[in-house]
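This report refers to the structure that appears directly beneath it.
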Amino acid sequence: MKKMNQELYDFLIEHLDAITEDWLADREEKNGSIYSKDAGDWSEQMLREQNRLTNLTIASSLLEDQRGFEEKKKDWAKLVAESRVSSRTPIYEVLDALSKLRHSFWRFIKKFVDREGDRVLRSDIMNWGIAIHMAFDEIIVEFTKRYDELMRKRLFAQQSLIDELNAPIIKLNSLIGVLPIVGDIDTARVQAITDYVPNKCVELDVSHLFIDLSGVSVIDTMVANHIYQLMQVLDLLGIKSTVTGIRPEIAQTSVQLGLDFSRIRTYSSLQLAIKKNFQDFAMN
């Protein structure tokens with residue numbers, strides 16, 4: 001059994017490039033996919049190099065050195081996952097490509113069996129089937145884990161950028177920051193702002209934040225309440241807050257809510273607030 005495994009392994013290693021060519025020949029035209037047969041020379045060369053590593057990894061599952069297979073599996077999954085995330089290739093395309101490679105692999109195993117004839121026992125073929133299919137299943141699982149980790153990191157980075165664009169804190173000097181809120185604002189958006197701003201103020205070492213509402217068209221009662229809560233959180237962090245750009249309708253909403261803004265400095269415009277507070281800071 002061990003001898004036949006070694007012979008099959010040697011046969012597959014000898015035909016690594018041929019297996020790749022067989023797999024590449026099975027490609028179809030897929031608009032925008034790196035797996036498309038018309039994807040270009042660079043994509044084809046990349047696929048050829050990566051597929052050679054795939055073939056080597058799968059073939060190594062036939063050997064007794066399972067540690068070697070595990071190491072190759074992890075190296076392969078890391079390389080391919082990074083490549084597919086970078087090219088924005090969906091998982092289903094990768095799984096489809098691996099399914100086709102599985103067929104290519106078995107075509108070459110059949111060639112080996114045909115060549116060796118009666119030397120290959122039925123038990124050999126059954127054991128190879130178990131080993132090869134398990135190897136494919138394991139690299140698929142390892143790939144999807146790596147792919148998911150990378151996508152989570154990318155989504156987290158994108159969400160951080162969205163949060164920053166949604167609530168940009170502009171530093172006027174080493175201590176003072178301005179938070180201009182522009183456009184429509186609903187409960188979901190103001191909740192995101194409430195979650196993001198305190199941490200960002202601490203990160204930027206802001207001691208006084210001007211929250212400018214002059215670019216906000218409508219504020220309902222829930223939004224007004226969230227803004228009030230944001231000021232309270234900032235106050236607990238030792239960060240002063242000043243609201244600017246409050247228009248009559250916003251003031252009316254706050255009064256209807258019964259929100260107490262008496263301890264919070266408010267100004268009709270950002271310009272007036274900055275002028276007044278810069279004078280105060282200059283005197284201190």
Side-chain angles (χ1 to χ4, degrees), residues 1-30 33-87 89-116 119-120 124-147 150:
M1 174 63 188
K2 294 180 181 179
K3 183 175 184 300
M4 291 305 299
N5 276 16
Q6 184 65 52
E7 288 188 26
L8 176 58
Y9 171 81
D10 293 340
F11 176 85
L12 294 172
I13 295 301
E14 181 184 348
H15 293 84
L16 284 181
D17 294 334
I19 296 172
T20 295
E21 295 304 323
D22 182 84
W23 174 70
L24 288 172
D26 202 28
R27 291 176 299 166
E28 302 172 350
E29 289 189 6
K30 296 180 179 180
S33 172
I34 63 169
Y35 292 110
S36 177
K37 66 179 182 181
D38 60 353
D41 294 339
W42 183 88
S43 293
E44 183 170 314
Q45 182 59 31
M46 177 196 67
L47 290 176
R48 182 174 279 106
E49 292 172 359
Q50 292 181 357
N51 185 258
R52 194 176 194 280
L53 179 60
T54 311
N55 298 338
L56 182 60
T57 302
I58 296 298
S60 69
S61 67
L62 294 167
L63 304 178
E64 290 187 331
D65 181 17
Q66 285 303 302
R67 179 177 297 180
F69 169 71
E70 289 295 324
E71 291 176 355
K72 288 183 176 63
K73 177 181 69 176
K74 291 180 179 179
D75 290 342
W76 173 87
K78 182 177 183 295
L79 172 67
V80 176
E82 289 176 351
S83 175
R84 298 304 176 269
V85 168
S86 177
S87 62
T89 302
I91 282 185
Y92 72 85
E93 287 192 10
V94 182
L95 299 185
D96 180 61
L98 286 172
S99 176
K100 291 178 179 177
L101 177 61
R102 197 187 299 241
H103 288 290
S104 293
F105 234 81
W106 278 102
R107 280 194 285 269
F108 277 82
I109 293 176
K110 182 178 183 300
K111 289 181 180 181
F112 176 79
V113 172
D114 290 342
R115 190 189 73 177
E116 297 301 320
R119 292 188 63 235
V120 178
D124 292 328
I125 297 174
M126 291 182 64
N127 287 324
W128 292 340
I130 294 172
I132 296 298
H133 285 306
M134 284 186 63
F136 269 101
D137 291 343
E138 286 189 37
I139 68 170
I140 287 172
V141 170
E142 189 68 25
F143 165 79
T144 53
K145 285 169 55 180
R146 289 282 188 170
Y147 189 97
L150 293 170

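Quick note: residue numbers are just sequence positions, from 1.
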Using a 4.5 Å cut-off on heavy atoms from C-beta on, say whether the side chain of T54 contacts that of W23.
no

According to side chain to side chain donor-acceptor pair (under 3.5 Å), who are the partners of H133, at least two apart in sequence or on a separate chain?
R102

Between W106 and I125, what is the shortest heavy-atom contact and its length?
CH2-O, 4.4 Å

CH2 of W128 to CG of L8: how many Å apart, nearest 0.5 Å?
5.0 Å

Measure the CZ-CG distance between F136 and L95 for me, rounded to the nearest 0.5 Å.
12.0 Å

Flag the pair L150 / R84 as yes when at least one side-chain heavy-atom distance between them is below 4.5 Å, and no otherwise.
no

Any chance NZ of K100 has more than 12 other-residue heavy atoms, nucleotides or ligands included, within less than 6.0 Å?
yes

Minimum heavy-atom separation for V80 to F143, with atom names?
CG1-CE1, 3.9 Å

Applying salt bridge (charged side-chain N to carboxylate O under 4.0 Å, His left out), name anything that partners E82, two or more places apart in sequence or on another chain.
K78

Kindly write out the residues that satisfy side chain to side chain contact (heavy atoms under 4.5 Å, CB included) with S99, not counting sequence neighbours, or none if the list is empty.
H103

Restricting to pairs with a member in residues 55-67, which pass salt bridge (Lys or Arg N to Asp or Glu O under 4.0 Å), not counting sequence neighbours?
K2-E64

Do D17 and N55 touch side chain to side chain, with heavy atoms closer than 4.5 Å?
no

Short N-O contact, D96 and K30, less than 4.0 angstrom
yes

Taking only residues two or more places apart in sequence, or in another chain, which ones meet F11 in a ring pair (Phe, Tyr, Trp, His ring centres under 6.0 Å)?
H15, F112

Results of salt bridge (charged side-chain N to carboxylate O under 4.0 Å, His left out) for E14 - residues two or more places apart only:
none

Hydrogens and angles aside, do Q66 and E70 bring a side-chain donor and acceptor to less than 3.5 Å of each other?
no

Run the side-chain contact (heavy atoms from CB on, under 4.5 Å) check on E49 and L53 step by step: do they pass?
CA-CA 7 Å; E49 292 172 359; L53 179 60; over 6 Å; no

For R119, what residues pass the side chain to side chain donor-acceptor pair (under 3.5 Å) criterion, not counting sequence neighbours?
E7, E116

List in chain and number order the residues that pass side chain to side chain contact (heavy atoms under 4.5 Å, CB included) with I13, two or more places apart in sequence or in another chain; answer none if no residue qualifies.
Y9, L16, L56, A59

If you measure from CD1 on I132 to CG on N127, what distance do you get to the nearest 0.5 Å?
11.5 Å

N5 to L62 - nearest heavy-atom pair and separation:
ND2-O, 3.2 Å

Answer yes or no: is there an ion pair linking R27 with E44, defined by an N-O contact shorter than 4.0 Å?
yes

Sequence neighbours excluded, the answer for side chain to side chain donor-acceptor pair (under 3.5 Å) partners of S61 is none

Residues passing the salt bridge (charged side-chain N to carboxylate O under 4.0 Å, His left out) test with E138, sequence neighbours excluded, are K73

Under the rule for ring pair (Phe, Tyr, Trp, His ring centres under 6.0 Å), what residues qualify as partners of F69, not counting sequence neighbours?
none

Salt bridge (charged side-chain N to carboxylate O under 4.0 Å, His left out) partners for D114, two or more places apart
K110

Hey, is the main chain of S83 close enough, under 3.5 Å, to the side chain of S87 for a donor-acceptor pair?
yes

Please examine the side chains of E21 and R48, heavy atoms only from C-beta on, and report whether any two atoms are closer than 4.5 Å.
yes

Quick one: pull up CG in L24 and CD1 in I19 and give me the separation to the nearest 0.5 Å.
12.0 Å

More than 12 heavy atoms of other residues, nucleotides or ligands under 6.0 Å from CZ of R107: yes or no?
yes

Inter-residue atom distance L101.CG - N51.CG, 0.5 Å rounding
5.0 Å

For a quick test of reading the model, state the closest non-hydrogen atom pair linking W76 to I139 and the distance between them.
CZ3-O, 3.3 Å

If I compare all heavy atoms of A97 with all of Y35, which pair ends up nearest, and what's the gap?
CB-CE2, 3.5 Å

Distance col, row K72:NZ vs S60:OG, nearest 0.5 angstrom, shows 5.0 Å

